[in-house]
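To start, the structure under review is shown below, and the notes come after it.
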Amino acid sequence: MIRALLSLMVPCGSVLILSACQPDIPETIQQGMVYCAEGSPESFNPQRVTSGTTIDAISQQLYDRLLDIDPATGELLPALATQWRLSQDGKTYWFTLRPDVQFHHTAFFSPSRALNATDVTFTFNRILQIDHPYHAIGGTNYPYFQSVDWGSLVKAVIAENNTTVRFELARPDSSFLSNLATDFASILSAEYAQSLMQLGTPELLDLRPIGTGPFFFKEYKKDQFIRYYRHPEYWRGKTELTQLVFDLVPDNAKRMAKLLTHECDVVAYPRNAELKLITERPDVEVQSQTSMNVGFWAFNTKKPPFDNVLVRKALAYAINKDAILDAVYFGYADKAKTLLPPTSWAFYHDLAEQQYDPVKAKELLAQAGYPQGFRMDIWAMPVQRLYNPNALKMAELMQADLAKIGVRASVVSFEWNSFRRKLSEYEHDSVLIGWAADNADPDNFFRPLLSCSAAESGSNRANWCDPNFDNLINQALLTADIKQRRSFYLTAQLYIDEQMPLVSIAHSKRFQAKSIKVTGVTINPYGGISMAAARKSL
Amino acid sequence: MMLHYFLRRCFLIGFVFVALTILAFSLSYLFPGEVLTNISGLTDIKPEQRQSLIEYYALDQSLLQQYIAYLNRILDGEWGLSFSSQQPVLSEIVAVFPATIELASYALLLSFVLGIPLGLFAAVKADSFLGRLISGITLVAYSIPIFWWALLLIMLFSLTLAVLPTAGRISVLFDIPTTTGFMLPDIWLSDISYKSEATLDALRHLLLPAVVLATFPTTVMIRFTRDSMLAVLEQSYIKTARAKGLSRAQVLYHHGLRNALLPVIRQIGLQFSTLITLAMITEVIFSWPGIGQWLLDSIYQRNYPAIQGGLLVVSCLVIVVNMLTEILHTLFNPLARKA
């Protein structure tokens, strides 16, 4: 009996195992790709989120924007808008829309018409008009647009005819077009919104998306996967992939394992510590891209002794950035000398690099009146972020560095939500945190991080409000001339270097690992991943 | 006689259910945070809603009335909302529970198919090399921590040999519509053209988790069958049967097996709660989207309504299975009925 059982089981088992080697699967599945993402999306509408995880999963796959950013040069390219022009006073923009752009046909919605100007006005009026029927559906949070203060900037969005949209601004703003090209400014379908309103389920607009992008939404299983199918009428031509699945695998080690077993074709954010291991595999390719981000150490400049610029400079001199780059980023980052990464057009190439010089640091401390040093806290964020993969380790390294100049630092950390709340209430001495930009415009680094309005809203981690600096970045926005803007931003960088409200530490590279069978997937330095050009060889 | 027995059992199960629901109900008070939030699962209660919600949940009345209202809601399938998704807890449980049942039943089946014959063999040939080998391996397998064992198997079959997947119930590229929530029936019920490939893929995903989860119950089964068979073989009625001229196989089957398996049936019930605990660990390791993973996530997220609902379902399942095996045991064993 046992022998009979065993003889039954052995062939079954070997069939199960061998079948892995000879896939006999239909074409729709062979042309499907699996992207293993690090987390679940919060929403399916890019207007409602800022998290990179969500943007990667939804923005470029489901939607299009009026303009796109060329990932190589950072220039603006036509997308849903074929052309645009600006009035003399710099306060009115006209956009001409591309004809025959089709929305997704899905099980839950069938569009009756192509994209027109009402879709654009619906998209932006939902954000801007407080009495818009959709404004308060699902909350009134439009975080990106609120952070760039669109409420006061954009006065009206008007459809002049079917193909022309006019934006009226309250003041000239040279970052306006860049903001329109971000992943957050994705164009929604007004017809879909209207039909949902009639059905009495307007909240589905953000949960069951309809867009014009290369893929349409099929199914989302919370914390498991998102399934997209190819949009057959995509205006750029249909994609090679027939199916795209975002497999949600928050665990780093599991994501790695799934790459090695070919359960994932592309894996987001491999851990820096494991990069070396996987680059040695012949079937895996690791891609990297210096992203628009910065990890920094911000001082609470309203709190003594950090209100003293000499103290801030002394602390900056005391930190050994090279050691941090080695130990925390494993060498996979560029050393930062200013807030802007070197790929930005406004980057100050000739700015002197901050040296590691404990002797000088001690001198400066003595000058500032602290020859014996002092006690301070370093707040280290409890989560892993691209710009700072391990803040606790970084804080410990800095603790040792600071001890050499007599500053006794303690490392402090809280749960992430209370950490951010306490930060915006400015309870900290200093904090290790960072910023990832949403578009190529330099303003996106300066204004949210160091302006006076950011200090009021609580996102200015240095609690630094300097009218001179605000003046510089405001003037930079009033002109569209790139050279003039650049000179303002260079001065601003020099000014930050003198005042040292924060010490920029590193611009981390973003990594992605993929099977060599997959081509056409690149990391976009300005925003979400796009799978439109991906293809898979068998 | 039997009817009386069933009635007694049903009464007992009702009593246990009441005790469980009292525990689950009191959790709303014992968990940190506001009772109204914990009980309804609504994270954002507007002031104008508050009064009607308090009335709805009977929070302005005595604890007994609150409990009765709670019981009514449980029976009506109104289990509150999950903090993290703001979806009804019951619908989330219904979505994840079949995956657990599926995994646990395949593992249990595997442990029967392997455990009982091996246990019998080890008892009949107790002194042979193979018999000792089985006992030895059983002891080792019994002592292995399941998470370590799972990782070993993943390292060997998935990472080194690259023949089996590491996670999930089926390749995510297979678009199988959910009808029953059980993967294999869902594949057969669907109208896809690639059923055999999908079945094969699902089986490949099932193999490692099922083997890992089956390890512990199989060892228990082997040990119990062996010990109980050994004890039975010592009995004088076996010797009598042999002396009457029955063949060895006849004696083993008619007199040995039936009597030896009785305590084994009882063991299944007793081991079931361990099995469910192990299923949770297995689910986490293999990213199996069952109730174990869901419940652990809920615990991490301090998702109190989900924890409450999950505990209720899991403990009810354990108790029902316990009761069923008890009844089976009694059906097969006239002695127990008298007790």
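In what follows, chains are A, B, ... by sequence order, proteins preceding strands, each numbered from 1.
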When rounded to the nearest 0.5 angstrom, what distance separates CD in B:Glu92 from NZ in A:Lys222?
6.0 Å
Between B:Asp201 and chain A, with a heavy-atom cut-off of 4.5 Å, which part of the residue counts as in contact: side chain, backbone, both or neither?
neither
Counting only non-hydrogen atoms closer than 4.5 Å, can you tell me which residues of residues 288-299 of chain B sit against chain A?
B:Pro289
Select all residues of residues 249-261 of chain A having any heavy atom within less than 4.5 Å of some heavy atom of chain B, and report them by number, or 'none'.
A:Lys254, A:Ala257, A:Lys258, A:Leu260, A:Thr261
Hey, are the side chains of B:Val172 and A:Phe246 touching, using non-hydrogen atoms and a 4.5 Å cut-off?
no
What residues of residues 126-134 of chain B sit under 4.5 Å from chain A when you count only heavy atoms?
none
Count the heavy atoms of every other residue, nucleotide or ligand shown that sit under 6.0 Å from CZ of A:Phe108, and state whether that count exceeds 12.
yes
B:Ile285 versus chain A, heavy atoms under 4.5 Å apart: side chain, backbone, both or neither?
backbone
Please determine, by modelled atom types, if A:Glu263 and B:Thr166 share a side-chain donor-acceptor pair under 3.5 angstrom.
yes
May I ask you to check whether over 12 heavy atoms, not counting those of A:Lys276, lie within 6.0 Å of atom NZ?
no
Any chance CG of A:Leu199 has more than 12 other-residue heavy atoms, nucleotides or ligands included, within less than 6.0 Å?
yes
Chain A heavy atoms under 4.5 Å from B:Thr178: which part of the residue, side chain, backbone, both or neither?
side chain
More than 12 non-hydrogen atoms from neighbouring residues, nucleotides or ligands closer than 6.0 Å to NZ on B:Lys125, yes or no?
no
For A:Phe225, all residues meeting ring pair (Phe, Tyr, Trp, His ring centres under 6.0 Å), sequence neighbours excluded
none
Just wondering, are more than 12 heavy atoms of other shown residues or ligands nearer than 6.0 Å to OH in A:Tyr269?
yes
What part of B:Ser287 lies closer than 4.5 angstrom to a heavy atom of chain A: side chain, backbone, both or neither?
both
